[in-house]
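Structure first, then comments.
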Amino acid sequence: MAIFGKPTTRKSQGAKTGEDAKREPKVMTARELAQAASRKSKLPGVEPLGETSMRGASVINWSTAPKAIEVAQANPGLCALLENAALLFANGQDADARSLLEEGIVSDPDAKLSPLAWLALFDLLQRAGERAAFDQLAMQYVLQFERSAPSWDDAQKSRGAESTAAGAGGYIAITGKLSERSASQLEGLKRALEKCVPRARIDLASVTGFDDAGARLLATDLARARSQRMELAIERPDKLRAALEEAVAKGREGGEGAWLLALELMQWAHEQAAFDERALQYAIAFELSPPSWEPPPRRTSAAVPAPAPAVARVASAADADAVVFDGVLTGTSPPALAKLNDFAARHPLAAIDMAGVERIDFICAGALSNVITRIEGQGKAVQIAGATPIVRALLLLIGISPRHFVKKVD
């Protein structure tokens, strides 16, 4: 007979049975969402980063890139907070991305220990022209990592000041479903309206749907911009307008928000005949007075300079050693990717210079990742030089391997 009996095991109240665990929904992280979007062409795994620097600093200086994707266990410098900040920046929410990183390097253990998170914050401060905040962060960086901090780049100061002068509403990208949650994406436009910024751009190409609240939200902001006579460029609204037409065809059941936004977009497109007909239908359907025809001033090429487009060019006619990406890269098939495919067909090494890239959105980053996979499938190597830390973070998040990033093109 045992003197001491075996202790009885009890299930803690927090423990879950197998069936409970199956029923409990899984919350996906930013990384899981990003990788799910490009899973068809990606292998799992991440690889370590090497030394980092500010602009142009992609991180590893390999003499030649391997021809097959290798899997390693080390963290490439990403953390959950940096992943979320990279997505915010890709959506045009620079201020939100900066606030998240500023708080994260103080309170988030992973971000505090991630040099790439700090470098991404340096990147955002440089873009905003915030020299004092940049210098203060540099002192903290030296204490944290016991290494030299990035230096302020005076060559970029004018660009940062120009972006600040243009206001936070200079470029606004709306992605995903248009809903009340889109308010954060529209914050840049609201700030531009409050500061009476004369011109801005709003990109609707990545809107995947809408609800009544979201449609009302955007219609209200567009109406306010119109009343303030802002020169607002509404870019690629075709997909959203088609969805609105489907809702309007249902009459009152389509929701008043869809009708109001459809009418608002007609004003910005200067479609008076279509507006008058739709306004009459609105009055009959909702028994309310429709909005008045008060279109914004017509934009002219002289009045609104063309924004920095997604461009690709060969470095020079003489050496032709790289494809250069410039400006803002958006969408699934920008000209830059076509140029990259053409360049890769004629060279064993597809070298990309991204030093001039201001921003790349989530959709274009996924498309670039797919192109890189196809090029490597042909037995060729890919190198990316010059991507700034916040841009590099998004590319890493979407699944592009750290080994593709080099300090300079070989």
Side-chain angles (χ1 to χ4, degrees), residues 92 166-175 177-180 182-183 185-307:
Y171 175 78
I172 304 100
I174 309 299
T175 62
K177 183 178 180 179
L178 184 60
S179 66
E180 287 184 341
S182 303
Q185 297 185 31
L186 287 167
E187 189 62 31
L189 179 57
K190 292 180 184 297
R191 288 195 296 268
L193 291 169
E194 291 170 359
K195 296 178 181 179
C196 296
V197 172
R199 60 181 61 92
R201 296 185 295 139
I202 183 167
D203 191 342
L204 302 177
S206 299
V207 176
T208 58
F210 66 90
D211 59 23
D212 189 72
R216 287 175 182 268
L217 186 67
L218 180 56
T220 299
D221 286 345
L222 292 180
R224 183 180 173 190
R226 184 166 47 82
S227 67
Q228 291 185 199
R229 315 296 285 175
M230 174 187 280
E231 294 180 4
L232 180 64
I234 301 179
E235 300 180 349
R236 299 182 289 181
D238 297 344
K239 187 167 61 174
L240 175 59
R241 293 193 67 176
L244 290 170
E245 289 301 315
E246 291 182 8
V248 168
K250 300 176 182 178
R252 191 184 185 99
E253 294 181 0
E256 188 179 3
W259 284 76
L260 292 174
L261 182 54
L263 286 167
E264 193 59 44
L265 292 174
M266 287 177 178
Q267 297 238 38
W268 284 95
H270 294 269
E271 300 171 350
Q272 184 172 5
F275 176 89
D276 290 341
E277 181 180 355
R278 180 62 50 76
L280 178 59
Q281 296 171 351
Y282 172 88
I284 296 173
F286 295 94
E287 299 179 356
L288 295 171
S289 298
S292 302
W293 172 254
E294 297 175 352
R298 290 184 180 274
R299 297 190 307 114
T300 63
S301 57
V304 182

**Request:** Give, for atom CG of Leu260 and atom CG of Leu218, the distance between the pair rounded to the nearest 0.5 Å.
**Result:** 11.0 Å
**Fill in**
Heavy-atom nearest pair, Ala213 first then Glu180, reads CB-CG, 3.5 Å
**Asked** Considering only heavy atoms from C-beta outward, does the side chain of Met230 approach that of Arg224 to under 4.5 Å?
**Response** no
**Glu271 bridged to Arg278 by N-O distance under 4.0 Å** = no
**Prompt:** To the nearest 0.5 Å, how far apart are CG in Asp276 and CD in Gln281?
**Reply:** 11.0 Å
**Prompt:** Does any N or O in the side chain of Arg252 come within less than 3.5 Å of the main-chain N or O of Ala285, such that one atom is a donor and the other an acceptor?
**Reply:** yes
**Asked** Can you say whether the rings of Trp293 and Phe275 are parallel (under 30°), tilted (30 to 60°) or perpendicular (over 60°)?
**Response** tilted
**Request:** Give the C-alpha distance, both sets of side-chain angles, the deciding distance and a yes or no for side-chain contact (heavy atoms from CB on, under 4.5 Å) between Leu204 and Lys239.
**Result:** CA-CA 8 Å; Leu204 302 177; Lys239 187 167 61 174; over 6 Å; no
**Complete:** What one should report as the nearest heavy-atom pair of Ala258 and Asp212 is N-OD1, 4.3 Å
**Message:** Measuring only between side-chain heavy atoms, which start at C-beta, is Leu217 closer than 4.5 Å to Leu178?
**Reply:** no
**Request:** For the pair Trp259 and Tyr282, name the ring-plane relationship: parallel under 30°, tilted 30 to 60°, perpendicular over 60°.
**Result:** tilted
**Message:** side-chain contact (heavy atoms from CB on, under 4.5 Å), that's the test. Do Glu256 and Arg216 meet it? Break it down for me.
**Reply:** CA-CA 8 Å; Glu256 188 179 3; Arg216 287 175 182 268; 3.0 Å; yes
**Message:** Under a 3.5 Å distance rule, please check whether Ser179 uses its side chain to pair with a backbone N or O of Gly214 as donor and acceptor.
**Reply:** no
**Item:** Verdict with reasoning, Asp221 to Ile202, per side-chain contact (heavy atoms from CB on, under 4.5 Å)
**Value:** CA-CA 11 Å; Asp221 286 345; Ile202 183 167; over 6 Å; no
**Prompt:** For the residue pair Gln267 and Pro296, what are the closest heavy atoms and their distance?
**Reply:** O-CD, 3.4 Å
**Asked** Is a donor on one side and an acceptor on the other found under 3.5 Å between the side chain of Glu235 and the backbone of Arg201?
**Response** no
**Prompt:** Take atom CD in Glu245; do more than 12 heavy atoms of anything else shown fall under 6.0 Å from it?
**Reply:** yes
**Message:** Looking at Glu294 and Arg229, is there a salt bridge between them, counting it only when a charged N and a carboxylate O are closer than 4.0 Å?
**Reply:** no
**Request:** To the nearest 0.5 Å, tell me how far Arg241 CZ sits from Ile234 CD1.
**Result:** 9.0 Å
**Fill in**
Interatomic distance, CE@Met266 vs CG@Leu244, rounded to 0.5 Å, equals 9.0 Å
**Shortest non-hydrogen separation from Pro291 to Leu263 and the atoms involved** = CD-CD1, 3.8 Å
**Message:** Are Leu240 and Ile174 packed together at the side-chain level, in the sense that at least one heavy-atom pair is separated by less than 4.5 angstrom?
**Reply:** no
**Prompt:** Of the non-hydrogen atoms in Leu193 and Gln228, which two are nearest, and what is the gap between them?
**Reply:** O-NE2, 3.1 Å
